[in-house]
Each structure stands twice: as C-alpha cells, then as structure tokens.
Amino acid sequence: MKIVLTGFMATGKTSTGKVLAQKLNLDFYDTDALIEERAGRSIPEIFSKEGEPSFRALEKEVIAEVADKDNVVIATGGGAVMDLENRARLKKNGILIALMASSEEVKKRIERSSPCRPLLSGKDKERAIKELLKERLPVYRQSDICIDTTGKSSEEVAQEIIKELSQRRALTVNRKRK
Ligand code: S3P
C-alpha cells in the first residue's frame with residue numbers, strides 16, 4: 001500500500017502523514033525533509049541560494065526514489081504534483097489524497113506556523129495564496145480522495161482518511177499484511 005498526501009502549503013500533509021503512518025503501521029517519508037537532508041540546507045536556503053529550478057530538480061529526484069516504495073505514507077510539498085512526471089510516479093500503485101483548505105484558512109495557518117514559505121515570502125500573502133491556489137486546485141481535485149481539513153486536527157484528518165480508505169476497501173491489503 002502506498003498513500004501519497006498532496007495539497008496546498010499548510011494543509012497539514014506532514015503532521016497528518018505521521019499520524020496516518022503510525023495508525024496504519026506504514027513507513028513515513030516527507031519529501032521536503034528528504035530534500036533538505038540531501039541538499040544539506042533548508043528549503044528557504046535552497047530557494048535563495050540556488051533558485052526554484054534547483055529545488056524542483058531535487059524534488060523530482062527524491063520523488064522518483066520514494067515513489068517506488070511500498071507500505072508507505074508519503075507527504076509531498078505543495079508544488080510536487082504540478083509536475084506531470086512526479087504526478088504519474090506518485091499515482092502509480094498508490095492512492096493520492098489531497099488535503100484541502102480555503103485560501104483564508106491557509107493564510108491563517110501560514111501566519112501561525114514557523115517554517116518560512118519561499119514562494120510567499122516578500123509577497124502580498126493573500127494575493128499570492130489565492131493565485132497559486134487557483135492554479136493548483138484543478139490538479140489537487142484530480143486526486144483519488146479530497147479531504148477538507150478546515151478546523152480539524154491531524155488526528156481527525158487521519159481518522160477521516162482511514163474511514164474513506166476502509167469504505168473503498170483500500171485497506172484490505174494492509175490488513176492482510178499484519
Ligand atoms: C512548495 C511547498 C512547500 C515546499 C516548497 C514549495 C510549493 O512544502 O515544498 O516551499 O510549491 O507549494 P509545503 O506544502 O509542505 O509547505
């Protein structure tokens with residue numbers, strides 16, 4: 001079983017992914033963390049020192065590796081699925097789950113959360129979020145499952161995902177494994 005979490009920045013992909021992996025007894029991978037490990041620097045540093053194309057190249061490399069794994073939950077960065085090749089790799093033998101939130105909710109969470117988002121820094125956040133979200137929503141909506149995360153904790157979102165997967169009988173394979 002391969003579960004891939006996608007969705008806009010600050011929708012809780014990493015925190016939900018960790019909870020989900022623990023509940024389902026699967027390994028957890030976070031592509032942003034793997035990119036930082038590989039580059040030996042933080043994502044804002046990669047963006048500022050090497051530029052977005054360099055970040056996207058690293059992202060592609062990491063996705064090509066983790067997408068081949070089985071019995072995993074993979075949390076991806078918000079822009080990863082915008083690349084066709086990444087999307088195809090992540091979808092192959094996997095279930096793509098998009099965590100959704102409105103632009104207002106995203107803005108609130110970004111203002112509260114610590115990691116710096118280079119795609120938004122120095123910009124009018126409200127406008128930048130709205131524009132990016134508009135461009136990305138059609139892609140996120142193509143996911144196998146879309147979950148609204150507004151007002152929900154990671155625990156609640158993970159429970160909702162498990163319920164959805166059970167209803168689709170997508171958890172049968174994993175249950176047999178245990
Ligand atoms: C990005 C989202 C970030 C990170 C990078 C680019 C994006 O991850 O990959 O800053 O293009 O939306 P989160 O979605 O975890 O914030």
Side-chain angles (χ1 to χ4, degrees), residues 3-21 28-67 72-91 94 96-143 145-150 152-154 157-158 161:
I3 299 173
V4 179
L5 298 182
T6 180
F8 204 72
M9 293 173 244
T11 49
K13 300 180 291 290
T14 301
S15 47
T16 302
K18 282 182 189 163
V19 176
L20 196 59
F28 176 68
Y29 292 91
D30 179 86
T31 60
D32 282 345
L34 292 171
I35 291 166
E36 291 187 325
E37 215 174 88
R38 187 157 302 191
R41 46 175 64 154
S42 70
I43 287 173
E45 275 175 329
I46 303 172
F47 268 77
S48 68
K49 298 210 169 84
E50 300 161 34
E52 186 174 350
S54 175
F55 170 79
R56 296 296 171 200
L58 271 171
E59 185 173 56
K60 198 165 225 182
E61 232 177 80
V62 161
I63 285 177
E65 287 173 24
V66 292
V72 288
V73 174
I74 304 170
T76 60
V81 290
M82 298 308 289
D83 178 275
L84 256 181
E85 229 172 353
N86 287 346
R87 196 150 81 228
R89 283 188 170 130
L90 291 166
K91 269 199 82 121
L96 204 53
I97 301 179
L99 303 191
M100 312 294 265
S102 66
S103 61
E104 293 78 16
E105 177 75 11
V106 167
K107 184 167 172 277
K108 262 194 252 163
R109 290 187 194 177
I110 281 176
E111 281 165 355
R112 276 200 311 253
S113 74
S114 48
C116 160
R117 260 77 184 203
L119 284 181
L120 304 175
S121 69
K123 295 189 181 151
D124 172 344
K125 290 209 178 16
E126 194 172 333
R127 206 169 142 187
I129 291 168
K130 276 194 177 141
E131 280 175 10
L132 260 184
L133 200 52
K134 193 172 162 209
E135 183 188 318
R136 292 178 174 185
L137 266 181
V139 174
Y140 295 148
R141 285 199 181 117
Q142 285 171 31
S143 304
I145 298 172
C146 294
I147 307 267
D148 178 21
T149 65
T150 308
K152 295 173 193 160
S153 66
S154 307
V157 176
I161 292 173

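Counting convention: from 1, in listed order, for ligands and their atoms alike.
- Within the model, atoms OG1 of Thr76 and CG of Asn86 stand 9.0 Å from one another, a figure rounded to the nearest 0.5 Å.
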Q. Checking side chain to side chain contact (heavy atoms under 4.5 Å, CB included) for the pair Ile145/Ile161: CA distance, chi angles, key distance, verdict?
A. CA-CA 8 Å; Ile145 298 172; Ile161 292 173; 5.7 Å; no

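- Residue-level contacts of ligand 1 at the 4.0 Å heavy-atom threshold are Met9, Lys13, Asp32, Ile43, Phe55, Arg56, Gly77, Gly78, Gly79, Arg117, Pro118, Leu119, Arg136.
- Counting non-hydrogen atoms of neighbouring residues, nucleotides and ligands closer than 6.0 angstrom, the CD atom of Glu126 reaches no more than 12 such neighbours.
- Counted within 6.0 Å of CZ on Arg38, heavy atoms from surrounding residues, nucleotides or ligands total more than 12; the atom is thus considered enclosed.
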Indicate every side-chain donor-acceptor pair of residues 42-56 with a distance under 3.5 Å to a residue at least two apart or in another chain.
residue	atom	partner	partner atom	Å
Ser42	OG	Glu45	N	3.3
Ser42	OG	Glu45	OE1	3.4
Glu45	OE1	Ser42	N	3.0
Ser48	OG	Pro44	O	3.2
Ser48	OG	Glu45	O	3.4
Glu50	OE1	Ser54	OG	2.8
Glu50	OE2	Arg41	NH1	2.4
Glu52	OE2	Arg56	NE	2.9
Glu52	OE2	Arg56	NH2	3.0
Arg56	NH1	Glu59	OE1	2.9

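- Between the CZ atom in Phe8 and the CG atom in Leu99 there is a gap of 13.5 Å [rounded to 0.5 Å].
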